[in-house]
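Source: prediction; values computed, not measured. In the text below, chain A, chain B and the rest are named by the order of the sequence lines, each starting its count at 1.
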Amino acid sequence: MTYLDELNPTQREAAEHTEGPLMIIAGAGSGKTRVLTYRIAHIIEKGASPFSILALTFTNKAAREMKARIGKLVGDADAKALWMGTFHSVFARILRFEAEKLGYPKNFTIYDTDDSKGVIKEILKTFNLDDKVYKPSLVLNRISSAKNNLIGYKQYLSNPTYMTDDRASQKPMLGEVYEAYQKRLFRAGAMDFDDLLFNTNVLLRDFPDVLIKYQDKFKYILVDEYQDTNFSQYVIVKQLAARYENLCVVGDDAQSIYSFRGANIQNILNFEKDYPDVKKLFLEQNYRSTQNIVNAANSIISKNTEQFEKNVFTHNGVGEKIKILCSATDNEEGYKVANSIFNIKMNMQLPNAAFAILYRTNAQSRAFEEGFRKLNIPYRIYGGVSFYQRKEIKDVLAYFRLAINPNDDQSMRRVINYPARGIGQSTIDKISVLAADNDASIFTVIDNLHDFNPEINAGTAGKLKDFAAMVKSFGNIATQQDAFETANHIINSTGILRDLNKEKTPEEISRVENVEELLSAVKGFIETERTPQEEELKQDIVEQQVPNTEDLFAQQADTGIKTIDEFMQEIALLTDADKNKDDEHADKISLMTIHASKGLEFPYVYIVGLEENLFPSQMALMDKSDLEEERRLFYVAVTRAEKQAFLSYAERRFKYGNPVFCEASRFIDEIDSQYLEYPDGGDKPKERLVDFNGGGETSYQKNYTKTSNIDLLKPKQASPVLKRNLVSTNKINTQAAPVDAQAIKSIKEGTLVQHDKFGNGTVLALEGDFPNIKATIQFDLGGQKQLLLKYAKLKVV
DNA sequence: AGCCCCGGTGAAGTC
DNA sequence: CACCGGGGCT
């Protein structure tokens with residue numbers, strides 16, 4: 001038990017309080033992971049089986065690292081036996097063994113967002129709906145948030161509020177699209193990410209024996225990052241914990257930054273209502289950062305209204321003040337930050353890994369990359385297009401998926417004619433219609449062609465049959481051989497590699513390399529042991545004496561072969577943090593979004609692009625609660641820093657190809673100025689009126705003037721839209737509602753407006769929801785146009 | 001069937 | 001500006 005002595009009294013209390021509900025509010029850098037690992041180790045040492053402990057983390061990486069640390073305390077065998085992972089991966093694993101109760105095959109496919117969007121597009125086609133009105137991404141968001149709130153399509157269709165909302169937003173068919181979407185996925189034997197949680201809830205709700213089984217099994221439940229759980233996850237946890245109530249949730253309401261995907265901060269704020277006898281502990285001592293950083297962060301978060309009272313403090317040194325960097329343009333920001341890093345690195349003899357650049361949006365990385373390249377400093381970008389998103393990889397994976405589940409229509413469409421085998425669009429259309437009409441999958445149709453009487457010539461029918469036979473043969477191999485053999489076979493017999501090797505362009509060569517890399521990932525996969533959880537579940541199945549002798553999992557339990565099916569399960573649930581292929585140990589500067597930086601720490605942190613409309617983002621400015629979330633995001637960013645933080649902004653920045661004047665972010669002003677150091681060395685913001693005419697014309701200005709097609713450089717004619725950018729960059733209007741919004745809202749039907757290009761016009765009609773209002777305008781000269789108000793920069797005449 | 005060019009459109013964060 | 005999808009051409 002000596003390791004418990006390494007904890008401070010509150011931490012230790014948290015680790016030793018193992019029975020009953022416990023809520024740990026853990027401030028940034030307060031040693032949360034340490035407490036969690038010690039707590040779990042402690043539970044095991046007290047005699048609990050690791051199989052009875054369920055620990056839900058935010059990323060698989062976090063789970064992996066925590067397991068490794070627990071392994072050091074209690075031994076790897078016990079650590080490996082823990083049920084630890086993301087909500088999605090843990091419950092996907094359980095669903096594999098219970099899905100048939102819900103009518104899904106146990107080898108169901110997990111659809112990613114691209115798959116989902118594809119399904120929506122097809123539905124829109126069959127319903128003859130305009131995909132500009134029913135934007136797939138919006139439709140999907142709507143469906144997703146319904147599912148995260150446990151609203152199935154039947155409830156959705158019978159809910160008057162949803163129906164009214166959808167009619168009001170000109171999308172009365174949304175409920176029907178939801179229904180069709182769900183039915184298509186079911187037919188394809190597929191679940192999307194939200195279904196994994198939704199269906200887990202259905203399972204626990206409708207099958208009391210299953211609920212009891214898992215309630216009994218999980219005697220200890222821990223949930224990390226509880227502030228970012230959604231309703232669906234909340235209900236799962238509540239159900240599973242109902243028996244023992246040994247439930248420990250850990251989180252920091254100040255770091256809740258995922259409401260856009262349904263996370264509900266109320267889950268943590270209301271925890272004590274659900275469990276009145278909860279033990280509440282506050283970890284308030286920060287071990288990560290200097291006093292300046294901790295105090296500055298406190299002053300930021302104090303502006304929020306919804307939060308637990310807490311007092312984060314540190315005994316670390318005072319440290320350097322937070323430095324403000326101001327650049328003329330986004331490009332200059334890149335050089336300035338790169339130079340600043342270079343200087344500190346040289347002066348203090350630090351490794352590159354001591355520095356991180358955090359931004360609001362991925363698109364901001366470019367300027368910094370250039371800066372680092374000029375100075376020859378190695379860097380690494382987190383996020384972006386992941387390996388598994390690449391076209392050639394998705395093609396190969398589609399074959400893998402078909403081998404496992406031939407009814408997976410999205411994969412079927414992807415490769416039915418890739419590499420080309422003479423199955424054209426019109427043929428695909430015909431069989432798609434047949435499939436939809438008969439509520440069958442595409443595979444079912446082509447595998448039983450003569451039953452469906454398609455109007456297809458004999459030659460094409462033969463090709464379809466051949467393809468169906470190939471898919472079937474892949475299926476056989478997939479169940480009998482290991483993942484690597486299957487993958488090899490599929491890649492070779494489909495001719496994908498041949499297709500990629502046709503041309504020797506650098507692009508194609510890198511594609512071949514990617515496919516080879518995928519193969520070696522499969523190889524690596526079969527060489528690792530299967531997890532104890534899989535064995536446990538399989539054992540469970542065997543004990544239940546599943547009668548079906550062809551049962552895939554029973555077979556695997558016998559042979560011990562790791563199949564392609566298991567490989568796909570694993571990669572379908574990787575989080576972006578897990579997908580980074582770059583080697584982690586190389587000494588590089590890290591560039592990432594603030595969201596991606598959650599849970600990480602760096603000695604020197606540069607938070608860049610601190611400008612109104614960028615951070616806080618334009619979208620967040622519309623809504624007070626969004627602004628609070630944005631502020632929490634800023635809090636997360638600042639608290640990543642150990643030694644020093646830098647805040648950088650640019651006065652001009654290219655957005656959508658146009659130069660835009662920027663105003664320093666209100667967040668800078670919100671920090672108590674005693675913790676800040678401005679560029680001129682003072683502790684007060686410099687008066688920075690934007691000077692349009694005076695001063696030498698820099699090359700930047702020339703550049704901007706040339707490419708600008710809007711009136712940014714003529715303040716005299718400033719429209720309401722532009723006015724905001726012309727005000728002094730100090731406090732003045734940071735509290736006021738954005739002028740953008742007002743300008744947009746002031747436009748009604750019949751309003752006379754002026755447009756840069758089209759001249760004067762009259763608004764005929766408006767449609768869509770703010771801020772995406774589209775206006776139909778009759779221009780005196782330019783005729784009738786449809787314009788999006790948020791882009792159109794209209795002036796009211 | 002495949003390629004190219006054009007025009008339109010979008011630009012936050014993610015399992 | 002960068003990307004995507006559609007349409008048209010070969």
Would you classify [X] as touching base, sugar-phosphate or nothing, given that sugar-phosphate means primed atoms plus P, OP1 and OP2, and contacts are heavy atoms under 4.0 Å?
{"X": "T113(A)", "value": "base"}
{"X": "A420(A)", "value": "sugar-phosphate"}
{"X": "L614(A)", "value": "nothing"}

TODO: For the residue pair Y111(A) and D408(A), confirm or rule out a side-chain donor-acceptor distance under 3.5 Å.
DONE: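 There is such a pair (donor and acceptor under 3.5 Å, judged by atom type) between the side chains of Y111(A) and D408(A).
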- [ ] Classify the side-chain pair Y181(A)/D192(A) by whether it contains a donor and acceptor separated by less than 3.5 Å.
- [x]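 Yes, a side-chain donor-acceptor pair sits under 3.5 Å.
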Identify which nucleotide among [options] has an atom closest to any side-chain atom of [X], counting heavy atoms from C-beta outward.
{"X": "S617(A)", "options": "dC15(B), dG13(B), dA12(B)", "result": "dA12(B)"}
{"X": "T86(A)", "options": "dG2(B), dG13(B), dC15(B)", "result": "dC15(B)"}
{"X": "N417(A)", "options": "dA1(B), dT14(B), dA12(B)", "result": "dA1(B)"}
{"X": "F260(A)", "options": "dA12(B), dC15(B), dG13(B)", "result": "dG13(B)"}
{"X": "H88(A)", "options": "dA1(B), dA12(B), dC15(B)", "result": "dC15(B)"}

Tell me the interatomic distance from [X], atom [atom1], to [N], atom [atom2], rounded to whole angstroms.
{"X": "Y258(A)", "N": "dA12(B)", "atom1": "OH", "atom2": "P", "answer": "15 Å"}
{"X": "N362(A)", "N": "dA12(B)", "atom1": "CG", "atom2": "P", "answer": "10 Å"}
{"X": "K655(A)", "N": "dA2(C)", "atom1": "NZ", "atom2": "C1'", "answer": "17 Å"}
{"X": "Y111(A)", "N": "dC15(B)", "atom1": "OH", "atom2": "C1'", "answer": "17 Å"}
{"X": "K135(A)", "N": "dA12(B)", "atom1": "NZ", "atom2": "P", "answer": "12 Å"}
{"X": "K125(A)", "N": "dG5(C)", "atom1": "NZ", "atom2": "P", "answer": "11 Å"}
{"X": "I143(A)", "N": "dC15(B)", "atom1": "CD1", "atom2": "P", "answer": "20 Å"}
{"X": "D194(A)", "N": "dC15(B)", "atom1": "CG", "atom2": "P", "answer": "12 Å"}

TODO: Report yes or no: does Q227(A) contribute a side-chain atom to a donor-acceptor pair with the main-chain N or O of D252(A) at less than 3.5 Å?
DONE: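 The answer is yes, because a donor-acceptor pair under 3.5 Å joins these two groups.
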TODO: Could you work out the separation of dA12(B) and dG5(C) based on their C1' atoms and round it to a whole Å?
DONE: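 Per the computed distance, 23 Å lies between those C1' atoms.
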Task: 5' precedence on DNA chain B between E630(A) and F193(A) (nearest-nucleotide basis) - done: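 The residue whose closest nucleotide sits nearer the 5' end is E630(A).
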- [ ] Between Q425(A) and F87(A), just flag the one whose closest nucleotide in DNA chain B comes earlier from the 5' side.
- [x]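 Closer to the 5' end of DNA chain B: Q425(A).
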Open item on the list: So, OP1 or OP2 of dG5(C): does either fall under 4.0 Å of a side-chain N or O from K121(A)?
Closed with: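 For dG5(C), OP1 or OP2 has a side-chain N or O of K121(A) closer than 4.0 Å.
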Task: Point-to-point distance, once rounded to the nearest 0.5 Å, from CG of L591(A) to CZ of R366(A) - done: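 Here the rounded value is 12.5 Å.
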Task: salt bridge (Lys or Arg N to Asp or Glu O under 4.0 Å) partner of D114(A), the single match among R414(A), K394(A), R390(A) - done: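 Of R414(A), K394(A), R390(A), salt bridge (Lys or Arg N to Asp or Glu O under 4.0 Å) with D114(A) is met by K394(A) alone.
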